[in-house]
Amino acid sequence: ETPEFAPSALDALREPLEKGEITLARARGGARYPARVQLVLAANPCPCATPAGDQACTCTAAARRRYLGRMSGPLLDRVDLQVKLLPFSAAALRSDTEPPEGSAAVAERVLKARSAAADRWGAAGQRWTVNADVPASLLSAAPWRLPRSATSPAERYVDRGSLSARGYHRVLRIAWTLADLAGRDRPDLGDVSEAIELRVRGAAR
């Protein structure tokens, strides 16, 4: 079995993910260092790495929970996108589908979305340039507060305990980014619903 990371080592990532900096405190003083990072985590569904539901998997439910428990809830709560990838089937590999969008086209779309976000927050007199940096207090205040008709799915997840307050505001930031990628001025119900699916593994509308 793959050696486990010490929980304290992984949880040390919580501060840079939350604040974009690392604080070191010593007896004679302290120091802060910038630590803006893009963190990518990946995990198999269980120790044997067999696709979920496959009869060849012999891992117990407890073993699966222990395996995925290497990453704590507080750490995952600070990870914006959490996507469950399903295994490919042989039929999907043989299917005659259109080629995926090229890197150049994706890069151009992302550049336009980042420019739209920077223009929006700059015009509002804010120093933020990307949606990920916008504080929750601003997202919850007029004129940026979204109507209940758009945020109701996320609120239901909060009431069920599937989203924390931090997770709720991260969903809103994702929704703003989805709207920017689509060329819309504000997120709608579809953007919020898609943001939930990208945030809560196995989420269904």
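These values consider heavy atoms only, across backbone and side chains, with no hydrogens, waters or symmetry-generated copies.
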Quick one: [atom1] on [X] to [atom2] on [Y], what's the gap to the nearest 0.5 Å?
X      : Y      : atom1 : atom2 : value
Leu163 : Arg170 : CG    : CZ    : 12.0 Å
Leu138 : Trp121 : CG    : CH2   : 5.0 Å
Leu41  : Leu81  : CG    : CG    : 11.5 Å
Glu194 : Ile174 : CD    : CD1   : 10.0 Å
Leu139 : Trp176 : CG    : CH2   : 8.0 Å
Arg114 : Thr177 : CZ    : OG1   : 9.5 Å

Any residue meeting side chain to side chain contact (heavy atoms under 4.5 Å, CB included) with [X], in chain and number order, not counting sequence neighbours:
X      : answer
Glu108 : Lys112
Val40  : none
Arg65  : Ala61, Ala62
Arg184 : Ala179, Ala182, Asp188, Asp191

Tell me whether [Y] is reachable from [X] by hopping between hydrophobic residues (I, L, V, M, F, W, Y) whose side-chain heavy atoms are closer than 4.5 Å.
X      : Y      : result
Val110 : Val134 : no
Leu189 : Leu178 : no
Leu172 : Val130 : no
Val192 : Leu181 : no
Trp144 : Val171 : yes

Within a reach of under 6.0 Å around CZ of Arg186, are more than 12 heavy atoms found that belong to other residues, nucleotides or ligands?
yes
Just jot down the salt bridge (charged side-chain N to carboxylate O under 4.0 Å, His left out) partners of [X], sequence neighbours excluded, or say none.
X      : result
Arg199 : Asp77
Glu15  : none
Arg28  : none
Arg36  : Asp133

For [X], side-chain hydrogen bond (donor to acceptor under 3.5 Å, both in side chains) partners two or more places apart:
X      : answer
Gln38  : none
Asp180 : Arg120, Asn131
Arg148 : Glu155

Please determine whether side chain to side chain contact (heavy atoms under 4.5 Å, CB included) holds for the pair Arg173 and Asp80, giving the CA-CA distance in whole Å, both sets of side-chain angles, and the decisive distance to 0.1 Å.
CA-CA 9 Å; Arg173 295 185 186 99; Asp80 289 338; 5.9 Å; no
Taking C-beta and beyond as the side chain, do [X] and [Y] meet within less than 4.5 Å on heavy atoms?
X      : Y      : value
Leu10  : Ser72  : no
Cys48  : Thr58  : no
Tyr168 : Thr151 : yes
Ser140 : His169 : yes

Is the NZ or CZ atom of Arg64 both under 6.0 Å from the centre of the six-membered ring of Tyr67 and within 45° of that ring's axis?
no
Backbone N or O of [Y] within a donor-acceptor pair of the [X] side chain at under 3.5 Å?
X     : Y     : result
Thr60 : Ala63 : yes
Arg70 : Arg66 : no
Glu21 : Pro16 : no

Supply the members, apart from Leu24, of the Ile/Leu/Val/Met/Phe/Trp/Tyr cluster built from side-chain contacts under 4.5 Å; use none for a lone residue.
Ile22, Tyr33
